[in-house]
Structures are given as structure tokens and as C-alpha cells.
Amino acid sequence: MTEKTDADFEALATRVTDPATDLPNVTNVSTGERAAAQGRAFLLSEYGSEEALDAALRKAGRPRLGASPKGASPSVRGRIAAADRAAFDELIRKTGKKESELVREAVHLLLEQHKLAG
């Protein structure tokens with residue numbers, strides 16, 4: 001293989017950024033279930049086993065809440081008055097906690113108050 005020079009890289013950069021340059025025809029494209037199966041096979045070849053792949057996929061995203069190993073954590077939504085929202089935003093700023101952390105803490109305190117906390 002020959003060494004590439006700065007001039008070679010400049011020529012390549014010019015060619016690939018020129019809108020008049022034709023793009024090559026796309027070949028060997030997979031979609032749908034076939035693409036998903038090929039992606040899964042690639043990940044298994046990289047991670048070595050289903051267990052290792054599951055462990056790697058579980059690390060991504062937000063941590064699970066509760067005992068269930070998979071699926072979305074239960075969520076609660078509600079509306080609050082603008083003044084309460086402003087005070088809540090101030091609490092977020094003062095504590096440095098995330099909104100979701102404070103909501104979980106508030107629900108838990110309410111459940112404790114009503115002697116329903118688990």
C-alpha cells in the first residue's frame with residue numbers, strides 16, 4: 001500500500017464534498033427483520049454471548065427502578081400550579097437533584113405519611 005500525501009487527502013476531501021460528484025450505487029441493503037437479525041448477529045459476534053450482550057445493553061440508558069429486570073419503569077404524570085412549579089424549580093436549583101429524583105422522594109414521603117410506603 002502506498003503512503004498517502006496531504007495532496008491526496010486534499011483531493012479526496014474536495015471530491016467527497018463536491019455536490020456535483022456522483023454517489024456510488026448502494027448495494028447489499030438490508031431492511032426490516034433481516035436488518036435486525038444481521039445487527040443482532042454482529043453484536044453477538046462482538047460480545048461473544050447472549051449474556052454479555054444483555055449485560056451491555058442493560059448498562060445503556062437510565063438505570064432500572066424496582067425489581068423488574070426489563071421493561072419501562074412505572075411513571076406518574078400530573079399538572080401543578082405555576083407558583084408551585086416555580087418553587088419546585090428553585091428546589092431543584094438549591095438541592096442540585098434532578099426533577100425525577102425529587103418527584104420520587106415526594107411520592108415516597110406522601111406514601112410514608114399515609115402509612116402506605118413499602
Over all heavy atoms of both residues, which pair between Ala52 and Ser49 is shortest? Give the atoms and the distance, please.
N-OG, 3.1 Å
For residues Lys97 and Leu102, report the shortest heavy-atom separation together with the two atoms involved.
CD-CD2, 3.7 Å
Provide the full list of salt bridge (Lys or Arg N to Asp or Glu O under 4.0 Å) pairs with a residue in residues 15-27, sequence neighbours left out, each pair given once.
none
Are more than 12 heavy atoms, taken from residues, nucleotides or ligands other than Tyr47, located less than 6.0 Å from that residue's OH atom?
no
Should Arg40 and Glu50 count as side-chain neighbours, where that means a heavy-atom distance under 4.5 Å?
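Answer yes - side chains close enough.
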Are Leu109 and Val103 connected in the hydrophobic side-chain network, where two residues link if heavy atoms are under 4.5 Å apart?
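No, Leu109 does not connect to Val103 through the hydrophobic network.
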Just to verify, what does [X] make a salt bridge (charged side-chain N to carboxylate O under 4.0 Å, His left out) with, not counting sequence neighbours?
X: Arg85; value: Asp89, Glu99
X: Arg34; value: none
X: Glu10; value: none
X: Glu112; value: none

Contacts of Glu90 that satisfy side-chain hydrogen bond (donor to acceptor under 3.5 Å, both in side chains) - sequence neighbours left out:
Arg93
What residues form a side-chain hydrogen bond (donor to acceptor under 3.5 Å, both in side chains) with Arg79, not counting sequence neighbours?
none
Among residues at least two apart in sequence or on other chains, which ones pass side-chain contact (heavy atoms from CB on, under 4.5 Å) with [X]?
X: Lys98; value: Ser100, Glu101
X: Phe42; value: Ser45, Glu46
X: Leu111; value: Val107, Leu116, Ala117
X: Thr5; value: Ala7, Asp8

Residues sharing Val29's hydrophobic cluster, by side-chain heavy-atom contacts under 4.5 Å among ILVMFWY, directly or via others?
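Grouped by the 4.5 Å side-chain rule, Val26 form the rest of the cluster around Val29.
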Measure the CD-OG1 distance between Gln38 and Thr31 for me, rounded to the nearest 0.5 Å.
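Between Gln38 CD and Thr31 OG1, I get 9.5 Å after rounding to 0.5 Å.
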Walk me through it: do Thr21 and Val16 pass the test side chain to side chain contact (heavy atoms under 4.5 Å, CB included)?
CA-CA 7 Å; Thr21 300; Val16 297; over 6 Å; no
